[in-house]
Asker: 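Below: one structure in structure tokens.
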Amino acid sequence: MRDNARPVMNRPHISLHDIFIFVEVAKRRGFTAAAEAVGLPVATISRRVSTLEEQLGLKLFNRSTRRIELTAAGAQYFNECAAHVEGALLAHEKVYDYLERPAGELRISAPPGLSALLPAMLRELHQQYPDVSYDIELGSAQAGLQRPGLDLMLRFGALEDSPLVQRAVTRIRWILVASRGYLKRAGRPVDPGCLARHQRIVIGYDAVWQLRRDGRTYRIENGAYIKTNDAWLGVDLAASGLGIACMPSHRLMAQTMREQDLEQVLPEWELPPITLYALSDTRTMSARARIFLDALTRHLDARSILPAETGRTRHLAPAGCQVPSC
């Protein structure tokens, strides 16, 4: 192959990996050093450079038994390629950090019903991942969807006709709660029919409660005393003695019930669970988003502590609690 020959370049078959190998050989001035750097056999390094030369139609190195040197064409090619190879490697490292190392700012839109979980959850996350910062806005079902730059939008239930990627995070179980003072005053319900005579605090726009047990479903449709889109405002209202509310299960649920002097109402009956979704504009999830969703799932799971600490059946609705209100 002659340096002054007109090159015939086979562009479609040039390998970017071969260009990377060429740059390593040129930087380290030898096949052996380059082979050690990239973790390939010397013979493979030499073969890939020869293949690149054939595809370019140019001789890139002058080889001797003692050393190799760039040709004039090789030096020009190196000057053009080196910065691009370094840029590609840097981009690779940045993407790897994005996917594998939790760091940077995580921007989230979340429903108000998750607000009470965030202090303990963020404290735990900060201790484990101090390089992550958080920008959190609380909003309703559609809020935040038009805000640019959000990493995650958390919503209860799937959004229809949304162009965003929707991932199911966890299924949240709900229970009915009321303050001990309210139940002492208004009576403890012994079956779903009793709820028609009680003040209900409804979360969301659907005022119908459906309670299920042993294949049976009981609908409660009487007018709600209070409606709110914030589950934790509903719990606070129940703790204030204003009625019976739905509370989402979470890891500190037993502690919440003790601190607010709440009792579980009709523990043998189940409310339909609701799925929490994480929405984003990409299928690729950053490491900081992944650790946030993992922590959220842990804090929403109360199954392991509720029976032991609150006595979710007979203790909360003892026998003989039939009352005049029912």
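Heavy-atom basis, side chains included; hydrogens, waters and symmetry copies ignored.
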Asker: In Å and rounded to the nearest 0.5 Å, what is the OH to CE distance from Y277 to M153?
Answerer: 15.5 Å
Asker: Can you find a pair of side-chain heavy atoms, one from I244 and one from L195, that are under 4.5 Å apart?
Answerer: yes
Asker: Could you go step by step and tell me if V25 and V49 meet the side-chain contact (heavy atoms from CB on, under 4.5 Å) rule?
Answerer: CA-CA 9 Å; V25 173; V49 170; 4.2 Å; yes
Asker: If you group Ile, Leu, Val, Met, Phe, Trp and Tyr by side-chain heavy-atom gaps below 4.5 Å, do V42 and F61 land in one group?
Answerer: yes
Asker: What's the separation between atom SG in C246 and atom CZ in R173, rounded to the nearest 0.5 Å?
Answerer: 12.5 Å
Asker: Check whether any side-chain heavy atom of V265 sits under 4.5 Å from a side-chain heavy atom of V177, and report yes or no.
Answerer: no
Asker: May I have the step-by-step check of salt bridge (charged side-chain N to carboxylate O under 4.0 Å, His left out) for R63 and E69, ending in yes or no?
Answerer: CA-CA 7 Å; R63 299 165 173 83; E69 293 181 341; over 6 Å; no
Asker: Might you point out which heavy atoms bring N229 and P112 nearest each other, and give the distance in Å?
Answerer: ND2-CG, 4.2 Å
Asker: So Q128 and I291, do their side chains get closer than 4.5 Å, heavy atoms only?
Answerer: no
Asker: Could you tell me whether the side chain of S240 reaches within less than 4.5 Å of the side chain of L237, counting heavy atoms only?
Answerer: no
Asker: Indicate yes or no: does E263 engage R188 in a salt bridge with an N to O separation below 4.0 Å.
Answerer: yes
Asker: Give a yes or no on whether the ring-centroid distance for F22 and Y77 is below 6.0 angstrom.
Answerer: yes
Asker: Residues two or more places apart in sequence or in another chain: which of them pass side chain to side chain donor-acceptor pair (under 3.5 Å) with R212?
Answerer: none
Asker: Please assess R258 against Q255 for the test side-chain contact (heavy atoms from CB on, under 4.5 Å), listing each intermediate value before the final yes or no.
Answerer: CA-CA 5 Å; R258 285 196 304 268; Q255 176 182 331; 3.9 Å; yes
Asker: Could you tell me whether the side chain of W209 and the main chain of I220 form a donor-acceptor pair under 3.5 Å?
Answerer: no
Asker: Where the side chain of E24 meets the backbone of A34, is there a donor-acceptor pair that is under 3.5 Å apart?
Answerer: no
Asker: If you take all heavy atoms of Q210 and P272, which pair is closest and at what distance?
Answerer: O-CD, 3.0 Å
Asker: How about NZ on K184, more than 12 heavy atoms from neighbouring residues, nucleotides or ligands closer than 6.0 Å, or not?
Answerer: no
Asker: Could you walk me through whether L114 and L117 pass side-chain contact (heavy atoms from CB on, under 4.5 Å), step by step?
Answerer: CA-CA 6 Å; L114 296 178; L117 304 180; 4.2 Å; yes
Asker: State, yes or no, whether a side-chain contact exists between L211 and L176 at a heavy-atom distance under 4.5 Å.
Answerer: yes
Asker: May I ask you to decide whether E54 forms a salt bridge with R47, counting only side-chain N to carboxylate O separations under 4.0 Å?
Answerer: no
Asker: Look up atom CZ in R48 and atom OG1 in T44, then write down how far apart they are to the nearest 0.5 Å.
Answerer: 8.5 Å
Asker: Can you find a pair of side-chain heavy atoms, one from S109 and one from R155, that are under 4.5 Å apart?
Answerer: yes
Asker: So, do Y134 and L118 sit near enough that their side-chain heavy atoms are less than 4.5 Å apart?
Answerer: no
Asker: Examine the side chains of Q76 and E80 and answer whether a donor and an acceptor come within less than 3.5 Å of each other.
Answerer: no
Asker: Please check if the side chain of T71 supplies one atom and the backbone of K59 the other of a donor-acceptor pair under 3.5 Å.
Answerer: yes
Asker: Do the side chains of E221 and R200 get close enough for a salt bridge, i.e. N-O under 4.0 angstrom?
Answerer: no
Asker: Show the nearest heavy-atom pair for residues P189 and L183, with the distance to one decimal.
Answerer: CD-CD2, 4.1 Å
Asker: Report yes or no: do Y225 and H198 form a side-chain donor-acceptor pair below 3.5 Å?
Answerer: no
Asker: How close do V202 and A207 get, counting heavy atoms only, and between which atoms?
Answerer: CG1-CA, 3.7 Å
Asker: Do L40 and I21 come within less than 4.5 Å of each other through their side chains, counting heavy atoms only?
Answerer: yes
Asker: Is there a donor in the side chain of S133 and an acceptor in the side chain of R288, or the other way round, less than 3.5 Å apart?
Answerer: no
Asker: Under the side chain to side chain donor-acceptor pair (under 3.5 Å) criterion, do R167 and S280 qualify, and how do the steps go?
Answerer: CA-CA 9 Å; R167 298 178 180 85; S280 63; 3.0 Å; yes
Asker: Counting distance only, does the side-chain N/O of H250 pair as donor-acceptor with the main-chain N or O of P248 below 3.5 Å?
Answerer: yes
Asker: Find the distance between OG (S286) and CZ (F292) and round it off to the nearest 0.5 Å.
Answerer: 11.5 Å
Asker: When hydrophobic residues are tied together by side-chain contacts of less than 4.5 Å, even through go-betweens, does V165 share a cluster with L293?
Answerer: no
Asker: Passes salt bridge (charged side-chain N to carboxylate O under 4.0 Å, His left out), R216 versus E270? Steps please.
Answerer: CA-CA 10 Å; R216 294 178 293 156; E270 294 183 349; over 6 Å; no
Asker: How many angstroms lie between CD1 in I203 and CG in L233, if you round to the nearest 0.5 Å?
Answerer: 7.5 Å
Asker: About how many Å separate CD1 of I68 and CZ of R28, when rounded to the nearest 0.5 Å?
Answerer: 12.5 Å
Asker: Between A239 and S179, what is the shortest heavy-atom contact and its length?
Answerer: O-CB, 3.8 Å
Asker: Closest heavy-atom contact between R185 and G241?
Answerer: NH2-O, 2.9 Å
Asker: Could you give me the CA-CA distance, side-chain angles and deciding distance for Y218 and R213, then say whether side-chain contact (heavy atoms from CB on, under 4.5 Å) is met?
Answerer: CA-CA 9 Å; Y218 200 106; R213 179 184 181 185; over 6 Å; no
